Amino acid sequence: QSSVEGATDYTFKILLLGDSGVGKTCLLTRFAHDSFDDKVASTIGVDFAVKRLFVYDKRIKLTVWDTAGQEKFRTLTSTFYRGAKGIILVYDVSRPDTLRHLEEQWMRELELYGTETDAVRMVVANKVDVGDARRVSWQEGSDFARKHGCLFVETSAKANVAVATAFEELVLKILETPSLTEDAACGVRPGTVRLDMPSSYNMYDYCYC
Ligand code: GDP
Ligand code: MG
């Protein structure tokens, strides 16, 4: 794997935050494996997955950090937050309390632990497949995100709606933020992200730390 490792232009640490049950692990599973599995999602919490993608000619390695249920006990430490370039704050459109908690809990925790970084923040409204069970509108979510200076995307990990798009938008915004890239002079412009990369890059692995 070392040749693949050596060929990476940028490595970005991405965090998934939000209440238990909003779908963080399912979003990660969808993004990393392109699959959805209720049973696995509810029983196994990975610490992070590695996903490689191309943005123009740049080889990007994302380490996406998920919580293994620690969010329930609010025992996330500063190590979890350190060095993050992108932060995804997830709520469930069928549970308004999970959006409220982004403000009351997760944003406040970011102020405590994440102050040294100007990481790009994104609010993700998950479970848009629920139909009549939706309790938070696109407008409410979008207004919330704008108020807090975050990107906003509505997703469904289950129905595979906009999951890759969310990560792609986040990466593009990180690349546009000079302080977040090792090489501020790198002239990457916003545009299409290719996920159909050569097979040697189309790999992921898990790390149970
Ligand atoms: P986490 O605690 O935030 O990691 O949430 P999980 O990924 O474990 O998901 C919690 C529950 O929500 C599981 O029963 C999933 O099957 C379900 N879930 C996750 N994403 C979606 C989605 O997009 N739509 C629907 N309908 N259910 C989802
Ligand atoms: Mg989880």
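Counting starts at 1 for both ligands and their atoms, following the listed order. Quantities reported herein were computed from a predicted structural model and do not represent experimental measurements. Note that the numbering runs from 1 along the sequence shown for the chain.
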Heteroatom N/O/S of T25 within less than 2.8 Å of the Mg ion (ligand 2) |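 Short answer: yes, at least one N, O or S atom is under the cut-off.
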Using only atom types and a distance under 3.5 Å, with no angle test, would you say the side chain of [X] pairs donor to acceptor with the backbone of [Y]?
X    : Y    : value
N126 : A157 : yes
K24  : D19  : yes
D9   : I60  : no
K13  : R82  : yes

Is there a polar contact, in the sense of an N or O pair closer than 3.5 Å, between [X] and ligand 1?
X    : answer
G21  : yes
V130 : no
T155 : no

Derivation and outcome, salt bridge (Lys or Arg N to Asp or Glu O under 4.0 Å), residues E111 and R121 = CA-CA 12 Å; E111 300 312 314; R121 296 178 187 193; 3.6 Å; yes
With atoms numbered from 1 as shown, which atoms in ligand 1 lie under 4.0 angstrom from a non-hydrogen atom of [X]?
X    : answer
S20  : 2 (O)
S156 : 23 (O)
C26  : 7 (O), 9 (O), 15 (C), 19 (C), 20 (N)

Salt-bridge contact R146-D143 (side-chain N to carboxylate O under 4.0 Å) =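 Salt bridge flag = yes for D143 with R146.
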V136 and F144, any side-chain heavy atoms less than 4.5 Å apart =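 F144 does not reach V136 side chain to side chain.
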Do Y10 and L175 have side chains that get closer than 4.5 Å, going by heavy atoms?
->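 In contact.
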May I ask whether V128 has any heavy atom positioned less than 4.0 angstrom from an atom of ligand 1?
->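 No, that is not the case, since the closest heavy atom of the residue is not under 4.0 Å from the ligand.
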Please work out which of K24, R30, K127 has its closest non-hydrogen atom nearest to atom 21 (C) of ligand 1.
->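 The residue whose heavy atom sits nearest atom 21 (C) of ligand 1 is K127.
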Just heavy atoms, cut-off under 4.0 Å: does T25 contact ligand 1 by side chain, backbone, both, or neither?
->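 Both parts.
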Please work out whether any backbone atom (N, CA, C, O) or any side-chain heavy atom from C-beta onward of D19 is under 4.0 Å from ligand 1, and answer side chain, backbone, both or neither.
->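 The part of D19 near ligand 1 is the backbone, not the side chain.
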